[in-house]
Amino acid sequence: MSTTNVAPQGTGGGQLGRKRIVNDMSIQVATVNGSGSQSSNTVLLRAIFQMGVPVSGKNLFPSNIAGLPTWYTIRANKDGYIGRKKEIDFLVAMNPETAQDDVMSLAPGASVLYDEPLALDRLRNDLVFYSVPYDKLVAAVCPEAKLRKLVKNMVYVGVVAQLLEIEMGEIEKAIRKQFAKKAKAANLNLAAAQAGFDYAKASLQKRGAFYIERMDKTAGKIIIDGNSAAALGCMFAGCTVVTWYPITPSSSLVETMIEYMKEYRIGPDGKATFAIVQAEDELAAIGMVIGAGWAGARSMTATAGPGISLMSEFAGLAYYAEVPGVIWDIQRVGPSTGLPTRTSQGDILSTAFLSHGDTKHIMLIPCSVSECFSMAQDAFNLAEQFQTLVFVMSDLDLGMNNWMSDPFEYPTTPIKRGKVLSKADLDRLGGFARYKDLDGDGVGYRTLPGTDHPAAAYFTRGSGHNDKSSYSERPDDYENNMERLNRKFETARSFVPRPEIQKGINAGSSNAKIGIIAYGTSHWGVTESRDQLRSEYGIETDYLRLRAYPFTREVHDFVEQHDRVYVVEQNRDAQMLSLLKLDLKPELTTRLRAIAHLDGLPLDARSVTDELSTMEGK
């Protein structure tokens with residue numbers, strides 16, 4: 001399998017020796033899972049980043065433990081495009097099983113670095129090939145044979161550095177950072193990288209078109225994955241209870257949070273001020289979240305699509321009994337087991353209405369690691385404000401891959417607990433009706449267990465109840481309750497994160513005729529695609545990025561203002577478009593068009609550009 005489907009377009013080397021292409025390339029390293037290439041790839045990514053060039057890194061790996069093909073792609077782009085690039089410009093072919101397919105998928109003019117015994121240069125004559133005797137080079141720097149398989153990967157880092165003119169000083173700096181607590185390992189890997197660099201300098205003639213040159217576009221920025229950013233955000237949001245069951249690609253969120261909480265959430269007495277519990281399954285995990293939320297804790301779980309499916313009935317309980325909690329859904333390809341290590345936006349529609357009966361859930365949709373951090377705090381505040389579950393809809397691409405970001409802003413907004421009555425409140429009021437809408441926003445007042453007042457108690461039930469939380473099967477009580485819950489959902493429209501809107505550059509103060517709606521990590525492909533559409537086809541677009549459900553008024557206005565609106569998403573069935581159709585005036589739904597991306601790879605700009613331009617008759 002290759003991760004790009006750009007077929008060869010003739011032979012003869014017509015593109016070889018073309019002009020220099022600086023700080024604009026996609027580097028793909030093809031290895032096998034479990035070979036230790038992760039450290040090498042991270043070093044290469046970080047060295048380019050340290051030279052001031054915007055980068056992103058995407059790991060395509062199998063769902064087994066070891067031995068199957070894996071591809072790691074580094075995007076370096078001077079203009080700041082960090083979405084996946086469909087074309088591969090520089091291939092490091094380290095896996096004999098996929099090497100031929102990987103080479104045959106490249107466009108003419110690409111460069112290929114390969115292990116000498118593979119003899120890949122016999123396959124095509126329109127690529128630039130570099131052959132390296134890795135085994136010979138690694139044997140000279142690594143006396144221990146059992147370590148050579150791991151250290152071998154660092155040799156290609158040195159070779160790539162020399163061929164692309166990445167400064168060796170930055171390679172060393174990245175290696176020292178990667179092995180910060182292991183000086184011996186750092187020295188060994190540095191020797192391997194230096195061996196590759198020296199070999200390339202002495203034995204390989206630079207013939208490719210791609211170069212890295214120092215810039216100043218990464219100063220002050222950080223590199224972090226979305227799950228780690230989410231873990232930080234949840235800790236800063238005041239989360240004290242985490243219950244979870246491991247599942248790819250969400251496990252690293254809680255694993256990272258465990259590390260953070262152990263470091264920063266230990267009290268003066270040496271005891272933990274939090275509880276993180278690995279449950280026996282996803283059902284138990286969400287049950288514990290609801291129990292902790294009812295008791296007054298800020299509680300959460302993290303899961304993926306299969307876990308969301310299992311949590312359906314408990315989600316209905318939290319919705320109807322009105323108990324706060326936060327669920328992170330790091331979406332992957334379904335249905336069923338699906339492709340556990342591929343990315344998707346396939347849980348949108350099912351999560352919006354998760355559970356039987358009439359339910360509607362708040363969803364927040366981050367597109368970046370900075371939003372993983374900030375939306376964690378939004379999620380807990382909204383969950384307590386509206387006494388309901390809030391789902392944060394991330395995905396594998398955002399959660400598990402490395403992204404460049406500005407440092408996160410320290411939270412300054414106070415934690416919002418919502419309508420919680422204290423003893424003093426009850427002394428003044430004399431009592432309360434748990435599910436009565438006193439303020440017209442659909443949200444009732446609650447008390448927390450342990451509130452020292454005889455009027456503080458109430459029944460929390462998932463069965464029929466009236467506004468005083470007493471059991472009831474009266475039709476009017478049920479209807480009033482459901483209408484109030486719907487009113488609460490409508491109120492949330494004014495409090496969820498608002499969409500971001502970008503006008504077309506050449507549209508001036510007026511609207512372009514064409515609008516694009518996208519969300520989550522689709523944002524990065526769409527942003528680049530809009531520039532391609534403008535420069536290649538003269539198609540100007542306005543763009544709205546959804547950040548939450550329920551939709552705010554801006555979404556309705558955006559559709560009304562455009563003749564055609566393309567909804568770009570990473571699922572087969574146009575799930576967000578379906579939600580939009582349910583929300584919009586019927587006469588507006590005919591303006592919507594679907595652009596679906598469902599191969600499990602992160603959305604690339606070229607796919608959006610090709611499909612939209614075709615649909616526009618270009």
Side-chain angles (χ1 to χ4, degrees), residues 1-6 24-33 35 37-49 53-63 68-77 80-95 98 102 105-106 110 153 157 160 218 221-229 248-250 252 330-333 339-345 366-369 372 394-405 520-529 570 597-608:
M1 173 190 170
S2 171
T3 62
T4 178
N5 59 3
V6 180
D24 183 13
M25 70 192 73
S26 181
I27 306 168
Q28 186 173 89
V29 181
T31 58
V32 295
N33 198 30
S35 65
S37 59
Q38 182 176 353
S39 295
S40 303
N41 297 332
T42 302
V43 165
L44 190 56
L45 173 83
R46 188 167 289 279
I48 297 173
F49 171 77
V53 183
V55 291
S56 64
K58 301 190 183 299
N59 192 20
L60 178 65
F61 60 100
S63 56
L68 290 182
T70 181
W71 294 265
Y72 188 83
T73 304
I74 298 172
R75 175 86 186 268
N77 184 268
Y81 298 135
I82 55 176
R84 184 176 74 91
K85 184 180 179 183
K86 192 171 187 177
E87 304 82 9
I88 300 301
D89 301 309
F90 196 110
L91 172 68
V92 181
M94 300 293 288
N95 184 0
T98 67
D102 291 336
S105 72
L106 298 173
N153 292 309
V157 172
V160 172
T218 64
K221 295 186 181 295
I222 61 172
I223 292 178
I224 190 172
D225 63 87
N227 282 353
S228 295
T248 302
S250 71
S252 63
I330 316 301
Q331 297 170 90
R332 72 188 209 189
V333 170
L339 305 176
T341 58
R342 302 292 187 269
T343 195
S344 172
Q345 293 175 330
C367 80
S368 64
V369 291
C372 285
S394 181
D395 62 37
L396 183 146
D397 182 25
L398 179 55
M400 295 194 70
N401 285 325
N402 289 318
W403 296 81
M404 186 179 69
S405 174
T521 53
S522 297
H523 168 72
W524 305 105
V526 167
T527 299
E528 183 177 358
S529 173
Q570 298 176 60
H597 181 84
L598 66 152
D599 62 5
L601 301 178
L603 178 68
D604 65 278
R606 182 54 57 186
S607 293
V608 178

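Quick caveat, the model's predicted, so the values are computed rather than measured.
Of all non-hydrogen atoms in Asn95 and Thr31, the two that sit nearest each other are ND2-O, 3.3 Å. Pairing each heavy atom of Pro340 with each of Thr248, the nearest pair is O-CG2, 3.4 Å. The shortest non-hydrogen separation linking Ile330 to Gly399 is CG2-CA, 4.4 Å. Minimum interatomic distance between Gly80 and Pro54 (heavy atoms only, all atoms of both residues): CA-CB, 4.0 Å. Of all heavy-atom pairs spanning Asp102 and Ala30, the tightest one is OD2-CB, 3.3 Å. Residues Ser40 and Asn153 share a closest heavy-atom pair of OG-CB, 3.1 Å.
Taking the side chain to side chain donor-acceptor pair (under 3.5 Å) definition, one finds that Thr521 meets it with Asp395, Gln570, sequence neighbours left out. Asp604 meets the salt bridge (Lys or Arg N to Asp or Glu O under 4.0 Å) test with Arg84; sequence neighbours excluded. By the side chain to side chain donor-acceptor pair (under 3.5 Å) test, Arg46 is found to be paired with no residue, residues two or more places apart in sequence or in another chain being considered.
Summarising the geometry, atom CG belonging to Asn59 is positioned 7.0 Å from atom OG belonging to Ser37; distances are rounded to the nearest 0.5 Å. Separation of atoms OG1 (Thr343) and CG (Asp599) is listed at 10.5 Å; rounding is to 0.5 Å. For the atom pair CG (Leu339) and CG (Leu601), the distance works out to 10.0 Å, reported to the nearest 0.5 Å. To the nearest 0.5 Å, atom CZ of residue Arg606 and atom CD of residue Glu87 are 6.5 Å apart. Taking OG of Ser26 as the reference point, atom CG of Asp89 lies at 6.0 Å (rounded to 0.5 Å). Interatomic distance, Gln28 CD to Phe90 CZ, rounded to the nearest 0.5 Å: 12.5 Å.
Looking at Thr218, its side chain does come within 3.5 Å of a backbone N or O of Phe49 through a donor-acceptor pair. Judged by distance alone, with hydrogens and angles left aside, the side-chain atoms of Arg332 form no donor-acceptor pair with the main-chain N or O of Leu396 at under 3.5 Å.
Residues Asp397 and Trp524 bring no donor and acceptor atom of their side chains to less than 3.5 Å of each other. At a cut-off of 3.5 Å, with distance as the only test, a side-chain donor of Asp24 or Asn77 sits close to an acceptor on the other residue.
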**OP:** Under the side chain to side chain contact (heavy atoms under 4.5 Å, CB included) rule, what do Ile27 and Ile48 come out as? Steps first, then yes or no, please.
**Re:** CA-CA 11 Å; Ile27 306 168; Ile48 297 173; 4.0 Å; yes

**OP:** Please assess Phe61 against Gln38 for the test side chain to side chain contact (heavy atoms under 4.5 Å, CB included), listing each intermediate value before the final yes or no.
**Re:** CA-CA 11 Å; Phe61 60 100; Gln38 182 176 353; over 6 Å; no

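Proximity of Tyr72 to Leu44: side-chain heavy atoms (C-beta onward) are nowhere separated by under 4.5 Å. Counting heavy atoms from C-beta on, the side chains of Trp403 and Leu398 come closer than 4.5 Å. A heavy-atom distance below 4.5 Å is not found between the side chains of Met404 and Val369.
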